[in-house]
Amino acid sequence: MRVTRWLVIAALASACSAPSATEQTTTEAALVQSEKKTSTDPAVNPDAAALADFKVRVEKYADLHKQLAKGEARPQETADPAKISSTKTALAAKVQAARTDAKQGDMFTPAARPVFRRLVASELKGEDARDTKAVLKDDAPATGAVPFKVNAKYPEKLPLPTVPANVLLSLPPLPAPLEYRIVGPHLLLLDTAADLVVDYLLNVVPT
Amino acid sequence: MRRALVFALVLVLPLAAAAQELRLPNKDGSLKFAVIGDSGEPSSGQTAVAQQMNRWRARFPFKFSLMVGDNLYGSEGARDYQRKFSDPYKALIDGGVQFYAALGNHDDGAQTQYKLFNMNGQKYYTFKPQNGVRFFALDSNYVDQKQLQWLDKELAASGSDWKIAFFHHPLYSSGSTHGSADLQRGLIEPVFMKYGVNVVFTGHEHFYERIKPQKGVAYFIIGSSSKLRHGDLQKSALTLYGNDSDYAFMLVEIDGDELFFQTISDKGVTLDAGSIRRAGDVAPGQNVTTQPVVPQTKPSPVQPGPKK
């Protein structure tokens with residue numbers, strides 16, 4: 001009886017000493033945190049209303065993009081690089097024409113701005129702050145080289161700045177082809193298929 | 001004087017010949033491929049690397065090459081694809097070599113549509129060129145929820161295959177310009193460990209560095225295929241071998257549970273060579289991947305150099 005008890009205790013101890021296959025990894029924990037931070041459920045997130053509105057706006061943009069990316073503006077696999085360029089040019093022209101009234105703040109509305117500023121700032125504190133700032137500076141284009149103007153083309157020759165992974169996980173997910181980019185202290189919302197500035201938020205990175 | 005010359009030739013010629021030797025098993029049925037990185041700058045180094053790749057392919061018939069990003073520097077018009085990629089690698093392309101690209105920070109997402117990069121319109125993707133080996137191309141510029149969830153799902157489905165990831169930013173590096181991509185590492189590495197990724201090829205740093213296996217994963221930086229940053233490699237405790245003075249590319253061969261590599265300069269000189277072995281499955285843990293690799297102590301096989 002006593003031996004059996006010890007065997008059970010030993011088995012339990014052994015099971016506890018090594019992480020089990022089902023134990024949550026730090027990545028899984030980060031994803032759970034990310035979902036909470038960017039949730040559009042008011043029961044989970046006090047910023048839910050602003051983020052839900054942002055979500056509707058970016059999805060509406062993605063739908064428009066989908067409608068326009070047809071015919072000569074439809075990206076498709078090709079061995080002809082000239083076709084890649086002409087598709088992108090045609091797509092950009094169609095998006096620009098369809099959004100002549102677009103202006104700064106269409107996506108980053110006054111209600112959403114403080115939420116984005118807070119979400120970005122939260123990643124620039126604590127132990128990852130130094131690494132985050134280093135990534136923001138790594139191969140980053142000069143702010144003067146990028147047009148902060150809705151519907152403007154992102155300059156073809158400039159590298160696309162890498163977005164710190166922790167910052168990316170703290171921001172609401174985007175539908176394709178939208179992506180965030182941070183240039184200097186400013187946040188850009190880019191249509192990466194047409195290389196167009198969809199919206200921007202100035203001074204989102206605290207100095 | 002004459003004696004000194006003879007002595008020098010006797011000493012130097014065997015060394016030069018040894019540097020030209022193929023140090024891979026070159027077995028029938030093994031998986032053979034090349035790796036280039038930061039390769040999209042038209043330069044004398046790029047041309048020389050491409051020529052060497054073609055020359056070595058005559059002895060080691062690799063079927064495809066990975067590209068770890070910065071495939072086209074600067075503008076990306078039609079002429080640029082030609083000048084920065086399809087012209088320098090023409091002999092390889094004409095010879096049937098397939099290229100599989102990952103995106104670097106200098107690359108436009110439109111490259112995913114370029115048929116010769118085999119990305120099928122995706123910024124991250126997976127392919128299995130041969131039974132038992134699966135590759136994962138990641139977009140390390142933009143590690144978002146969607147990509148991490150995709151990686152988790154694809155790795156989970158990859159079973160006991162060799163799992164080889166390639167992307168631009170090095171998770172471990174001794175470079176003074178960039179250094180280790182700590183933020184990406186914090187999110188990507190736990191997924192690699194959970195599913196037993198074995199080998200990772202990256203670039204971004206314009207040098208070659210073989211990193212000491214980290215948590216059972218072998219890391220190589222090969223970002224010197226068209227650009228060089230002399231003196232940037234500050235060899236550290238991470239470094240098993242490094243070179244920041246020669247343009248370079250890699251040849252790799254997988255045979256069963258062994259992977260052999262040879263890193264070759266633009267002058268055709270072997271800079272580094274060796275092999276690693278998969279050690280088999282281990283239980284999930286905090287500090288080791290579930291399918292670790294171990295460096296092999298036995299010397300690389302040596303095939304004779306080209307006939308003079």
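Nothing here was measured: the structure is a model prediction, and the numbers come from that model.
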TODO: Output the distance between atom CD (B/Gln113) and atom CG (A/Asp80), rounded to the nearest 0.5 Å.
DONE: 11.5 Å
TODO: Nearest 0.5 Å please: distance from the CG atom of B/Asn141 over to the CZ atom of A/Arg181.
DONE: 6.0 Å
TODO: Select, from A/Ser86, A/Pro75, A/Pro177, the one with the greatest count of heavy-atom pairs under 4.5 Å involving chain B.
DONE: A/Pro75
TODO: Mind ranking A/Leu171, A/Thr192, A/Leu169, A/Asn166 by heavy-atom pairs under 4.5 Å with chain B and telling me who comes out on top?
DONE: A/Leu169
- [ ] Please name the pair of heavy atoms, one in B/Lys146 and one in A/Leu174, separated by the smallest distance, quoted to 0.1 Å.
- [x] NZ-O, 3.2 Å
- [ ] Nearest 0.5 Å please: distance from the CG atom of B/Leu103 over to the CG atom of A/Leu160.
- [x] 9.5 Å
Open item on the list: Counting neighbours of NZ on A/Lys55 that are heavy atoms of other residues, nucleotides or ligands and sit closer than 6.0 Å, is the number greater than 12?
Closed with: no
Task: Heavy-atom contact with chain B under 4.5 Å, split by part of A/Thr132 - done: both
Task: Structural part of A/Tyr154 lying under 4.5 Å from a heavy atom of chain B - done: neither
TODO: Check each atom of B/Ser86 against the heavy atoms of chain A and say whether the ones under 4.5 Å are side chain, backbone, both or neither.
DONE: neither
- [ ] Against chain B, label A/Leu158 side chain, backbone, both or neither, depending on which of its atoms sit under 4.5 Å from a heavy atom there.
- [x] neither
TODO: Looking only at non-hydrogen atoms, find the nearest pair between A/Tyr180 and B/Tyr142 and report the distance.
DONE: N-OH, 2.8 Å
Task: A/Glu179, part contacting chain B, at a heavy-atom distance under 4.5 Å - done: both
Task: Student check: side-chain heavy atoms of A/Thr162 and B/Gln184 closer than 4.5 Å - done: yes
- [ ] Could you check if a side-chain atom of B/His204 sits within less than 4.5 angstrom of a side-chain atom of A/Asp138, using non-hydrogen atoms only?
- [x] yes
- [ ] Can you tell which part of B/Asp144 gets under 4.5 Å to a heavy atom of chain A, answering side chain, backbone, both or neither?
- [x] both
Open item on the list: Less than 4.5 Å to any heavy atom of chain B: does that hold for the side chain of A/Asp131, its backbone, both, or neither?
Closed with: both
TODO: Could you look at B/His169 and say if it's the side chain, the backbone, both or neither that has a heavy atom under 4.5 Å from chain A?
DONE: side chain
Open item on the list: Distance check, rounded to the nearest 0.5 Å: B/Leu148 atom CG versus A/Leu31 atom CG?
Closed with: 5.5 Å
TODO: Flag yes if more than 12 heavy atoms outside A/Lys66 fall under 6.0 Å of its NZ atom; otherwise flag no.
DONE: no
Task: Engaged part of B/Asp152 at the chain A interface, taking heavy atoms whose separation is under 4.5 Å - done: side chain
Open item on the list: Please identify, among B/Ser140, B/Ala110, B/Gly121, the residue contributing the most non-hydrogen atom pairs under 4.5 Å to chain A.
Closed with: B/Ala110
- [ ] Would you mind checking which part of A/Thr78 comes under 4.5 Å of any heavy atom in chain B, side chain (CB onward), backbone (N, CA, C, O), both or neither?
- [x] both
Task: Region of A/Thr25 that comes under 4.5 Å of a non-hydrogen atom in chain B - done: side chain
Open item on the list: How close do A/Ser85 and B/Gly77 get, counting heavy atoms only, and between which atoms?
Closed with: OG-CA, 3.9 Å
TODO: Please check if any side-chain donor atom of B/Gln145 sits under 3.5 Å from a side-chain acceptor atom of A/Ser34, or the reverse.
DONE: yes
Task: Any donor-acceptor pair under 3.5 Å from B/Tyr81 side chain to A/Ala79 backbone - done: no
- [ ] Examine whether an atom of A/Val163 lies under 4.5 Å from a heavy atom of chain B, and if so say whether it belongs to the side chain, the backbone or both; otherwise answer neither.
- [x] both
- [ ] Could you tell me whether B/Gln82 atom CD has more than 12 heavy atoms of other residues or ligands within 6.0 Å of it?
- [x] yes
Task: Non-hydrogen side-chain atoms of A/Thr27 and B/Lys194 separated by less than 4.5 Å - done: no
TODO: To the nearest 0.5 Å, tell me how far B/Lys115 NZ sits from A/Glu77 CD.
DONE: 4.5 Å
Task: Sidechain-backbone polar pair: A/Glu156 side chain, B/Glu76 backbone, donor-acceptor under 3.5 Å - done: yes
